[in-house]
Structure formats: structure tokens, C-alpha cells
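Counting starts at 1 for both ligands and their atoms, in listed order. The chain is numbered in sequence order, starting from 1. Bear in mind that the values here come from a model prediction, so they are computed numbers and not experimental data.
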Amino acid sequence: MADLLITHIKGLVQVRESTPAPVGGSAMAELPVLSDAFLAVEAGRIKAFGPMHELPSSLKARETVMATGRFVFPGFVDSHTHLVFAAFREEEFVMKIKGATYAEIAAKGGGILNSAAKLRAMPEEELLQRSLVRAREILSTGTTAVEIKSGYGLTTEDELKMLRVARRIGKETPLTVKTTFLGAHAVPKGHTKESYLRLVLEEMIPAVAAEKLADYIDVFCEEGFFSVDDTLRIAEAGKKYGMRPRIHANQLHRSGGVQAGVKSGAISVDHLENIGEEEIEILRGTATMPTALPGAAFFLNLPMPPARQMLAAGLPLAIASDYNPGSSPSGNMPLMISLACIRMRLTPEEAINAATLNTAYALDLLGDLGSITMGKRANLFITKPIPSVAYVPYAYGSSLVDTVIVDGRIQS
Ligand code: NIG
Ligand code: FE
């Protein structure tokens, strides 16, 4: 007996025979959709699916949902967020409207240091409660797995506090959470870069590892923040403790971040607003997933990564939200897909592959999530009645995610 049966699905999106590899180049344009379909869940996993005319009459379920006119998608995997933070920064948004740049605001002690001051002053419990609001919000827009970074603590104690909160979000919500230690996000007041690097390398990384608080390690590799050399040192130190690197690369400048990421065997390099032929060539044939964060590029009025060039070169591409108070105050993955289509000229099929299969790869979750595949976890969402898959990115700003399902359980 199945636990849940969804019938009359207008389109079952992202059906793959077996646990697939991430997709790149021209394969990104292919998004398999099964029309007039059913899907059955047992013990939290996908037990069966197929066209309605093949639904076995013997298949009985405890609960049946009719999805007439609706599409079923695998839950989004958001592979880059900073969703644990104390407060939004809409005052800086207004400064930017009036002409200040992100770098100017950061240099005046705004930006990341502003968030760090607020986070340090906030007890762990309150930080958790505030972050849970955002976690539940992204769940309601179809995200079922998310990566969360530290990087607003910038002291050992506060970095640990952030990562504990991130881990607790994974326990207190249905979200699957992967955590990343981003101590090297900015140099805090009272430190030189060298003294802070020493703290990260000698104290923070061992402390994070001792409590098993981080799955990955990240560095903001950027002019005025951390250099290629710093990035390589930190990445190597993290690897010794089992934290694979994922790197903030080429957001504001052509900083060498992509090269550093590939050299250190990073699972992803993220941002990529400032890359060209050289970086594209370096990424070819590697296991490093190039990841665009279209919300951040949109919010900061930066150029978008050259997605069409990347795909033409055969690269895969992932899309994540970068949900954070400074450069992307939204974790809404349907909106990120719209931005990718409108501003990066991805087709809806490419954008959906980028936000499911390829982000699942970037979080080592491809065995369980990212596609509708027999035996994978039943993390899905059912849309409102819509005409087509393309309607999802087309109708930007509309909330088209109706019912979210995690491990076969319908979320209220
Ligand atoms: O990914 N670029 C560095 N980190 C974040 C922004 C952090 C902030 O402004 O608070 C990002 O865009
Ligand atoms: Fe980021």
C-alpha cells in the first residue's frame, strides 16, 4: 500500500530513469516531462510513476491527491544562501539607490560588518527564531534542500553560533540543510588580514570541525576581501578536516577566484559575474559546478554571468538564490529561474535543470534529490493549475507553488 498517490498530473517534470549525472551544454535544454501522469510514494520515497493509462488498478494508497491541470516538480535545491542573519539591511538598499556602490558601503563598515555587529549582539535562540521564518518561507516557494553559510559572526564563538543555528534549521524544519563555514567573508574590525587569517586557520577551522558543524568551506575571494593565495590556504586547511571547498568567485572583479576554486577541487564556484573565455576554459572538464546567483546580480545591478557562452562551451550551470541581507534579500527560487531566463537568456528547461539536478550535484545530494527518479526521496511540489512549464518563469512574481511535499508528507 502506497502512502500517497498523486493522479492526473498534467506534467510530471524532470523524470529521469536512474540517478543522473549533472547536465551541461546542450543537454541542459532537455527537460523530460511526462504528460497525464501519476506518482506513488511509499516510506517517503518515490515508489512508482508513469502515464495514467498505466496506473495499476491494484495500486492502493492511504491518501490520494488529484492534480488535474497541475504540474509536479522535484523540490528546488538552493545550493548557496546566507539565510542565518540577524536583520535585513534595507537602509543600505536606499543608500545604493542614491548612488553608493556595494564596495563603498562595505568600506564604510556597512555590508558584511554591519551584519556581523548585529549577529554578535543576538542570542542564539533569537537568531534561530528569525532564521526559521525565512526557512519556512523558502519551503513554501518550493525549496526542499538548502545550503546555509556562516560568515556574519567573524569571531570563533559567533561563527559556531551561526553554524549551530543552521544545523538546528535542518532539525526543526523539513528542509534538508547543508552547512558551509565562511569565516573568510570579511576581515573584522580589530584585526589585520594576517591576524584574522591566522584565527580562521588555527582556531576557527579546528573548532568548527570538532563540533562537526560544517560540510563545506567557503572564501569570499575578491579584491578588498581575500586573495587567491588566502583562498588556497583556507581551502587546503578545510580539506584536511573533510570540508570540501565551494568558493565565492568573480563577483565584483576578475579576481582569480575561478582558478583558485578549480585548483583546490571546489565542488562549486559561485557568482561569476566577471568571467571570460579564460575562466570558461579552466572550468571545462572539471568536477567544479559553475553557479550563477541571478538574484544578487540583479539586486546589485551587476552584469549577469555569460550563461550562453558557458553552455556553448559545454559547461554545466547551476542557479541558486544567495539569500542574504546585503546582495539578495530573497530566497525565492521561482523568481531566480525567471531572472535566469530573462537576464541570462536561459530557456525554462535549462533554468529548471540548473535549479534542481545541478544544484543537487553541488550539494552532494544527487543520489536522493534533484529529479523524479525511482527510489529518490519524495521531495516535490504541486503547482497551481498552469498552462505549461514555461509559464513558471514567465509569470514572474506570481506564487505558483501550491503544495509542497517532503519525504512524502504534505506540508501545511
Ligand atoms: O554572496 N559576496 C559576498 N557575500 C554575499 C553578500 C554578503 C552581504 O552583503 O551581506 C554574497 O553576495
Ligand atoms: Fe553569497
Side-chain angles (χ1 to χ4, degrees), residues 78-96 100-120 131 134 146-154 158-159 162 166 178-188 216-227 230-231 234 245-253 255 257-258 260-261 266-274 289-305 318-331 336 339 359 362-363:
D78 188 350
S79 61
H80 183 139
T81 84
H82 310 244
L83 82 71
V84 171
F85 55 84
F88 285 96
R89 305 208 305 260
E90 66 277 15
E91 64 290 347
E92 292 178 7
F93 170 61
V94 177
M95 287 162 74
K96 276 184 283 220
T101 66
Y102 183 78
E104 282 163 7
I105 292 168
K108 281 190 201 139
I112 296 165
L113 297 184
N114 176 356
S115 280
K118 288 180 180 147
L119 185 135
R120 288 173 187 174
S131 304
R134 295 185 280 272
V146 64
E147 181 258 17
I148 305 176
K149 299 175 197 296
S150 71
Y152 293 132
L154 311 180
D158 293 297
E159 286 292 303
M162 273 190 90
K178 293 273 188 146
T179 57
T180 301
F181 170 60
L182 175 57
H185 199 191
V187 177
Y216 302 99
I217 190 155
D218 195 347
V219 179
F220 188 18
C221 183
E222 184 57 61
E223 280 178 30
F225 292 84
F226 296 91
S227 69
D230 304 335
T231 303
I234 293 167
R246 43 191 333 114
I247 303 295
H248 275 76
N250 298 55
Q251 181 184 19
L252 306 173
H253 299 94
S255 55
V258 168
I267 192 157
S268 76
V269 285
D270 302 18
H271 273 295
L272 313 180
E273 285 87 342
N274 290 283
M289 177 60 70
T291 303
L293 309 171
F298 168 70
F299 189 78
L300 297 182
N301 272 315
L302 297 175
M304 291 280 162
I319 292 172
S321 76
D322 199 16
Y323 196 178
N324 79 78
S327 66
S328 185
S330 168
M336 300 308 146
L339 290 171
T359 42
L363 290 185

Inset, instruction - Would you check the N or O atoms of His185, main chain and side chain alike, for any that come under 3.5 Å of an N or O of ligand 1? - result: yes
Legend entry - Minimum heavy-atom distance between Phe220 and Leu182, given as atom pair plus value: N-CD1, 3.8 Å
Legend entry - His271 and Asn250: side chain donor to acceptor below 3.5 Å: no
Inset, instruction - Please could you name the atoms of ligand 1 that Tyr102 approaches to less than 4.0 Å, counting only its heavy atoms? - result: 6 (C), 7 (C), 8 (C), 9 (O)
Inset, instruction - Number the atoms of ligand 1 from 1 as they appear, then name those within less than 4.0 Å of a heavy atom of Tyr152, with their elements. - result: 7 (C), 8 (C), 10 (O)
Legend entry - Ser321: partners by side-chain hydrogen bond (donor to acceptor under 3.5 Å, both in side chains), with sequence neighbours left out: Asp78
Legend entry - Atoms of ligand 1, numbered as shown, that sit under 4.0 Å from any heavy atom of His80: 1 (O)
Inset, instruction - Can you label the angle between the His185 ring and the Tyr152 ring as parallel, tilted or perpendicular, going by 30° and 60°? - result: tilted
Inset, instruction - Check for a donor-acceptor pair, side chain of Asp270 on one end and backbone N or O of His248 on the other, with a separation under 3.5 Å. - result: no
Legend entry - Expected output: side-chain Arg246 to main-chain Ala362 donor-acceptor under 3.5 Å: yes
Inset, instruction - For atom 5 (C) of ligand 1, state which one of His82, Arg89, Gln251 supplies the nearest heavy atom. - result: His82
Inset, instruction - Could you pull out the N/O/S protein atoms under 2.8 Å of the Fe ion (ligand 2), ignoring any water? - result: His80 NE2, His82 NE2, His248 NE2, Asp322 OD1
Legend entry - ligand 1 versus His248: contacting region, heavy-atom distance under 4.0 Å: side chain
Inset, instruction - Locate the shortest heavy-atom distance separating Ile105 from Lys96; write the atom from each residue and the value. - result: CD1-CG, 3.5 Å
Legend entry - atom 12 (O) of ligand 1 [closest protein heavy-atom partner, distance rounded to 0.1 Å]: Ser327 OG, 2.5 Å
Inset, instruction - For the pair Phe85 and Phe88, name the ring-plane relationship: parallel under 30°, tilted 30 to 60°, perpendicular over 60°. - result: perpendicular
Legend entry - Closest non-hydrogen atom pair, Glu222 against Leu252: OE1-N, 2.9 Å
Inset, instruction - Please identify which atoms of ligand 1 are closer than 4.0 Å to at least one heavy atom of Asp322. - result: 1 (O), 11 (C), 12 (O)
Inset, instruction - List the steps and the verdict of side chain to side chain contact (heavy atoms under 4.5 Å, CB included) for Leu293 and Ser328. - result: CA-CA 9 Å; Leu293 309 171; Ser328 185; over 6 Å; no
